Visitor: 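A single structure is presented below for examination.
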Amino acid sequence: VSATDAAPQPTRIRVRGHAPYDVIVGSGVTAELSGLLGQGALRVAVIHPPALRSCVADVTSELTGRGYRVLDIEVPDAEDAKNVTVAATAWSALGRAGFTRSDAIVGVGGGSTTDLAGFVAATWLRGVRLVLVPTTLLGMVDAAVGGKTAINTAEGKNLVGVFHPPAGVVCDVASLSTLPRSDYISGLAEVVKAGFIADPDILDLLERNPEEAVTPAGAVAAELIERAIRVKAAVVEGDLREHGARQILNYGHTLGHAIEKVERYRWRHGAAVSVGMVFAAELARIAGRLDDPTAERHRTVLAQLGLPTTYTGAPWNELLDTMRVDKKARADRLRFIVLDGIAQPGVLEAPDSALLEAAYARVSPS
Ligand SMILES: NC(=O)c1ccc[n+]([C@@H]2O[C@H](COP(=O)([O-])OP(=O)(O)OC[C@H]3O[C@@H](n4cnc5c(N)ncnc54)[C@H](O)[C@@H]3O)[C@@H](O)[C@H]2O)c1
């Protein structure tokens, strides 16, 4: 292989903090796995959904080739994996295989699978090594980075979980080629969010290359993914447990979560967050904190990617009540992350109802 044929070097993004780790981004980067698993593990459990056979086969052959004994743990697809019954099935599999604290878990799949794999790794023997291989855009730029793991209960999403940072994350951009376009575009909402809260270059890249941006094979995808991961890494490394800085990642999510909930999760996360960001921009604009062109830029960049900027489903009162019971609201005081400018996030505490309604009217044309 000549030097020109060689695959470009993967990018390594360091997530600092008390348990630092690398997020490796590139094409065909499965070979990076063993470096992240370290020396101690004999056995590696690969937790994955039924789909993604070729990704899982790559991961398994890489691991067996390096001498690990692989335990295959198949879990139900998507959100159906995130419950205590599935976690218990995985615990039983680890128990039967005699998994020790020096063994490791690899989670391969979208955010649902990596959340479940993380939860199982955090709880088995009070915590074993975890390496994540996210295969959705949302997984790469959001769910797999930051150390939050969770399962759902009958009462709601992500109500049970543990902070358990991974030992490493491997983002193989090539694995995104099979992701449905609508899932990819939904994941782009989090990339746009990273642009508005911290990295204006992301917005420029998206605006200059709208066609390329909506396809994972496009020339800008890897750069967008890397930039969004750097934003998340920089935020979470100082605030693993979500006490302060990390709340800026909630931009667009207060209304977004409420829309997801009232729509019974038939709306994609990214679509709901997209409307939520336009709403937050309107809040800040009407409150006199954000200039008109930046508020308007939310609409243009999101619409250009095919993300929604309006919502006319549930009535406002229902959304308001839903926002009040969101676990991130404090008591029932609503607080929103807003912008005072691009890359200048701040908090809007307990806005009055006239302001909220005026902003909502701008995203919910009658
Ligand atoms: N822990 C965190 O900080 C965090 C952050 C954001 C979201 N999340 C969680 O992430 C979950 C959503 O993640 P998601 O959007 O990745 O969805 P997902 O994991 O439910 O996956 C969506 C679908 O895509 C399929 N899929 C995955 N990779 C594929 C590929 N490469 N090709 C084809 N199909 C593929 C999956 O099998 C599934 O059917 C939610 O449960 C959410 O709570 C967690």
Side-chain angles (χ1 to χ4, degrees), residues 15 23 27 30 47-59 74-83 86 107-122 130 132-153 156-166 169-191 193-194 216-217 221 225 228-229 232-233 235-236 239-242 246-247 249-253 256-257 260-261 265-273 326-328:
V15 185
V23 180
S27 199
T30 317
I47 297 184
H48 64 90
L52 305 177
R53 283 192 208 299
S54 85
C55 274
V56 174
D58 278 358
V59 166
E74 185 175 297
V75 294
D77 193 39
E79 213 59 31
D80 289 343
K82 283 180 61 170
N83 61 65
V86 175
V108 183
S112 307
T113 314
T114 56
D115 270 11
L116 181 268
F119 181 72
V120 171
L130 168 72
L132 295 176
V133 183
T135 61
T136 61
L137 180 56
L138 183 75
M140 292 181 188
V141 301
D142 195 357
V145 180
K148 287 209 282 182
T149 75
I151 57 171
N152 307 326
T153 76
K157 259 174 72 70
N158 298 327
L159 292 178
V160 179
V162 185
F163 291 101
H164 185 66
V169 181
V170 178
C171 301
D172 188 346
V173 180
S175 70
L176 295 174
S177 62
T178 53
L179 190 67
R181 184 181 163 92
S182 50
D183 279 311
Y184 187 75
I185 288 174
S186 171
L188 281 174
E190 296 290 350
V191 176
K193 179 193 80 179
I225 292 168
I229 292 172
K232 178 139 192 199
V235 172
V236 299
D239 183 24
L240 173 67
R241 290 177 184 275
E242 218 167 21
R246 196 163 173 156
Q247 63 182 335
L249 297 171
N250 220 26
Y251 189 54
H253 282 58
H257 281 149
E260 284 187 275
K261 211 163 172 184
Y265 298 96
R266 286 171 309 218
W267 264 58
R268 282 197 162 73
H269 178 69
V273 167
D326 189 302
K327 65 180 184 299
K328 285 173 188 157

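Values below: every heavy atom of this structure, side chains too, minus hydrogens, waters and symmetry copies. Each ligand, and each atom within it, is numbered from 1 in the order the structure gives. This structure is a prediction, so every number in the text was calculated from the model and none was measured.
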Visitor: Could you see which bit of Thr114 sits under 4.0 Å from ligand 1, with heavy atoms only: side chain, backbone, both or neither?
Guide: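 It is neither part, as no heavy atom is under 4.0 Å.
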Visitor: For ligand 1, find out whether one of its N or O atoms is nearer than 3.5 Å to an N or O atom of Ser175.
Guide: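 N/O-N/O distance under 3.5 Å: yes.
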Visitor: I'd like to know if atom 22 (C) of ligand 1 has any protein heavy atom within a distance of less than 4.0 Å.
Guide: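 Under the 4.0 Å cut-off, atom 22 (C) of ligand 1 has no protein heavy-atom neighbours at all.
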Visitor: For the 3.5 Å polar cut-off, considering only N or O atoms, please tell me whether Leu138 and ligand 1 meet it.
Guide: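 No - when backbone and side-chain N and O of Leu138 are compared with those of ligand 1, no distance drops under 3.5 Å.
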Visitor: In sequence, state the C-alpha distance, the side-chain angles, and the governing distance for Glu260 and His269, and then conclude on side chain to side chain donor-acceptor pair (under 3.5 Å).
Guide: CA-CA 7 Å; Glu260 284 187 275; His269 178 69; 2.9 Å; yes
Visitor: Using a heavy-atom cut-off of under 4.0 Å, does the side chain or the backbone of His269 touch ligand 1, or both, or neither?
Guide: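 The answer is neither.
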Visitor: Give yes or no for whether the N/O distance cutoff of 3.5 Å, strictly under, is met between Thr136 and ligand 1.
Guide: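 Checking ligand 1 against Thr136, an N or O pair does fall under 3.5 Å apart.
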Visitor: Can you tell which part of Thr178 has a heavy atom less than 4.0 Å from ligand 1: side chain, backbone, both or neither?
Guide: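 Both backbone and side chain of Thr178 come within 4.0 Å of ligand 1.
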Visitor: Should Gly146 be listed as contacting ligand 1, given a heavy-atom distance under 4.0 Å as the test?
Guide: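 The answer is no, since Gly146 has no heavy atom less than 4.0 Å from ligand 1.
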Visitor: Would you check, one step at a time, whether the test side chain to side chain donor-acceptor pair (under 3.5 Å) holds for His253 with Glu190?
Guide: CA-CA 10 Å; His253 282 58; Glu190 296 290 350; 2.9 Å; yes
Visitor: Relative to ligand 1, is Thr149 under 4.0 angstrom through side chain, backbone, both or neither, heavy atoms considered?
Guide: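 Contact part for Thr149 vs ligand 1: neither.
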Visitor: If you measure every N/O of Asn158 against every N/O of ligand 1, is any gap under 3.5 Å?
Guide: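 So ligand 1 has an N or O lying under 3.5 Å from an N or O of Asn158.
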